[in-house]
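Heads up: the structure comes next, in structure tokens.
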Amino acid sequence: MKSASETSHAKAILIGEHAVVYGEPAIALPVPTIRMRVAIDPRDDGEQIIHSAMYDGTLAAAANTRFSGIATLIRQLLVRFNAPTAGFTLNIISDLPPERGMGSSAATAIAVVRTFHAAFSTPIDHAALLRWADISERIIHGNPSGIDAATCSADRPQWFTRGQAPMPLSLPRTGVLVIADSGIQGQTRLAVNDVATSLTVNPAMRDHITALGHLTHQTALAFAQDDIQLLGNVMSTAQMHLRALGVSHPQLETLITAASQNGAIGAKLTGSGLGGCILALAPTPEAADTVSAALTTAGATQTWQFDFSRHQTQ
Ligand code: MEV
């Protein structure tokens, strides 16, 4: 093992969360300005030490903590590299708020897998990277579609369907997404389980899943036609379906209302919901500043802006 350091970044699901678990398409955006960095240094004393905001201690003691999914991933990586007892210090330095729908667990997994491969001088292709990340995502989330890991490791917006290779998309030329953190921890495992239970108890709920899939197709159309008004409408309609599925939260609704009353042309939760972040679409950078200020006044603990014009690929 040699010293190594690798990165990943946050993601924002623009449309299709939850429905993507059931085979509908979704669209997600990498947010490269919100970064995750992992660094590993070998140690001679055989200790396996982890420093992170979520967990600080030995790999062995992480088994029954919130870090257990990543700890399992690390143990399997050590076995893969025939170094199960190698000593190391692993530092996880993250700008991503944990459990806020921005892909913190997937971004950690991606950066950890990349760092171990770099430390053992072994290249890894993208499909293998996603298979590795799935190990911890399964433990943490139960039934991940794979969209979080795919987007936290991507450099282009993704059209994502479960079990298929993600396809890159080009963004509209104008429009600014404001991402606002409600400050309330989202609960991915619980939200995904709640939706599964709703669908079992009330099969008519499936209509919301189908409708969300249809809205993903509408979003692709809005991208292709550079129609941010359509995109805004689609986002607000998606929020109706997500609310009906039971994954919104009063504070998310407060933020969405504040955004809509202050110039946003659409707004919705992003990620699993039950807390976490919202996305609000503003037509211009000036409008985005007004929306950001209104969201802060309404209780958002942090806001970020994602200006489509700065993320053009062609
Ligand atoms: C979580 O970021 C997105 C969900 O659709 C779950 C998943 O796709 O794994 C809620």
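Computed over heavy atoms, backbone and side chain alike; hydrogens, waters and symmetry mates excluded. Please read these numbers as outputs of a predicted model, since none were measured by experiment. Counting convention: from 1, in listed order, for ligands and their atoms alike.
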[atom]: which protein heavy atom is closest, and how many Å away?
atom: atom 4 (C) of ligand 1; answer: H18 N, 4.0 Å
atom: atom 3 (C) of ligand 1; answer: I13 CD1, 3.6 Å
atom: atom 9 (O) of ligand 1; answer: S145 N, 2.8 Å

Flag for S170-Q312: side-chain donor and acceptor within less than 3.5 Å: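 No, no side-chain donor-acceptor pair sits under 3.5 Å.
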Check: F67 and I50 side chains under 4.5 Å, non-hydrogen atoms: yes
Under 4.0 Å from any heavy atom of [X], which atoms of ligand 1 are there?
X: E17; answer: 5 (O)
X: I147; answer: 8 (O)
X: V21; answer: 5 (O), 6 (C), 7 (C), 8 (O)
X: V20; answer: 5 (O), 8 (O)

Heteroatom distance test (D148, ligand 1): nitrogen or oxygen, under 3.5 angstrom: yes
Polar contact flag for K11 and ligand 1 (N/O pairs, less than 3.5 Å): yes
Within 6.0 angstrom of R310 CZ, more than 12 heavy atoms from elsewhere: no
Within 6.0 angstrom of D45 CG, more than 12 heavy atoms from elsewhere: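 More than 12 within 6.0 Å, yes.
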Mutual orientation of the aromatic rings belonging to F116 and F88 [parallel < 30°, tilted 30-60°, perpendicular > 60°]: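 Perpendicular.
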D181, L295, T296 screened by side-chain contact (heavy atoms from CB on, under 4.5 Å) with T301, the one that passes: D181
Candidate list L177, T33, D289, test side-chain contact (heavy atoms from CB on, under 4.5 Å), partner Q305, passing option: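 Only match with Q305 under side-chain contact (heavy atoms from CB on, under 4.5 Å): D289.
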